Amino acid sequence: MRSLKEEKLKEEGFSVFKMDTVMDMKKEENPKIINKVVHFKLAPRTGFTEIIPPPRFTVIYLEKERSEVIAKQNFGIDDLGNYFPWNALQFNGYMGQTGISSTLPLDYRPEKNE
């Protein structure tokens, strides 16, 4: 969520595509994949950033961990990287299996050099 808020998805190893267009990542030269990359709209608000997502998208991390996300509504991301409301997104695949909510404590702050 922090990578999304800071607009560093690609730099931090994430690829985001429209859900129905993701294919074998070894075929990146396929124009169908390149043209269907998802772009989120970000709207800065007081104390958080509002994210206007597409309704369905696929997140691939480091070309191996794949997750499907269904966005039920716009959502916010606070300065710590927590998203809200909790029911705005439905996670399937890797993030759904690992339990995204238990990955880090809600008050986690990365070191400046991370």
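In this text, all values refer to a predicted model and were calculated from it rather than measured experimentally.
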(request) Name all pairs fulfilling the side-chain hydrogen bond (donor to acceptor under 3.5 Å, both in side chains) condition that reach into residues 38-48, sequence neighbours left out, sorted by first residue then second. (result) R45-E50
(request) With sequence neighbours left out, write down each residue that passes ring pair (Phe, Tyr, Trp, His ring centres under 6.0 Å) with F48, or none if nothing qualifies. (result) F84
(message) Check the orientation of F40 and F57. Use parallel for under 30°, tilted for 30 to 60°, and perpendicular for over 60°.
(response) perpendicular
(message) If we ignore hydrogens and angles and just use 3.5 Å, is the side chain of R56 paired with the main-chain N or O of A71 as donor and acceptor?
(response) no
(message) To the closest 0.5 Å, what do you measure between CD1 (I60) and CD (E68)?
(response) 8.5 Å
(request) Check whether M95 and L62 end up in the same hydrophobic cluster, where Ile, Leu, Val, Met, Phe, Trp and Tyr are linked by side-chain heavy atoms less than 4.5 Å apart. (result) yes
(request) Tell me, please, which residues at least two apart from E7 pass side chain to side chain contact (heavy atoms under 4.5 Å, CB included). (result) L42
(request) Grab the two heavy atoms, one from M1 and one from I77, that are nearest each other, plus how far apart they are. (result) O-CD1, 3.5 Å
(request) State plainly whether the residues D79 and K5 are in salt-bridge range, i.e. N to O under 4.0 Å. (result) yes
(request) Supply the atom-to-atom distance R66 CZ to F17 CZ, rounded to the nearest 0.5 angstrom. (result) 10.0 Å
(message) Restricting to non-hydrogen atoms, name the atom on R2 and the atom on L80 that form the minimum distance, rounded to 0.1 Å.
(response) NH1-O, 2.8 Å
(request) Show the numbers, then the answer: is there a side chain to side chain contact (heavy atoms under 4.5 Å, CB included) between F14 and S3? (result) CA-CA 9 Å; F14 295 95; S3 297; 3.7 Å; yes
(message) Could you check whether any side-chain heavy atom of N92 comes within less than 4.5 Å of a side-chain heavy atom of I70, counting everything from C-beta outward?
(response) yes
(request) Answer yes or no: is there a side-chain heavy-atom contact under 4.5 Å between S67 and Y94? (result) yes
(request) Any chance you could lay out the side chain to side chain contact (heavy atoms under 4.5 Å, CB included) test for T58 and V69, step after step, and finish with the verdict? (result) CA-CA 6 Å; T58 298; V69 182; over 6 Å; no
(message) Checking V16 against L9 for the side chain to side chain contact (heavy atoms under 4.5 Å, CB included) test, could you report, in this order, the C-alpha distance in whole Å, the side-chain angles of both residues, the deciding distance, and whether it holds?
(response) CA-CA 8 Å; V16 184; L9 289 169; 4.0 Å; yes
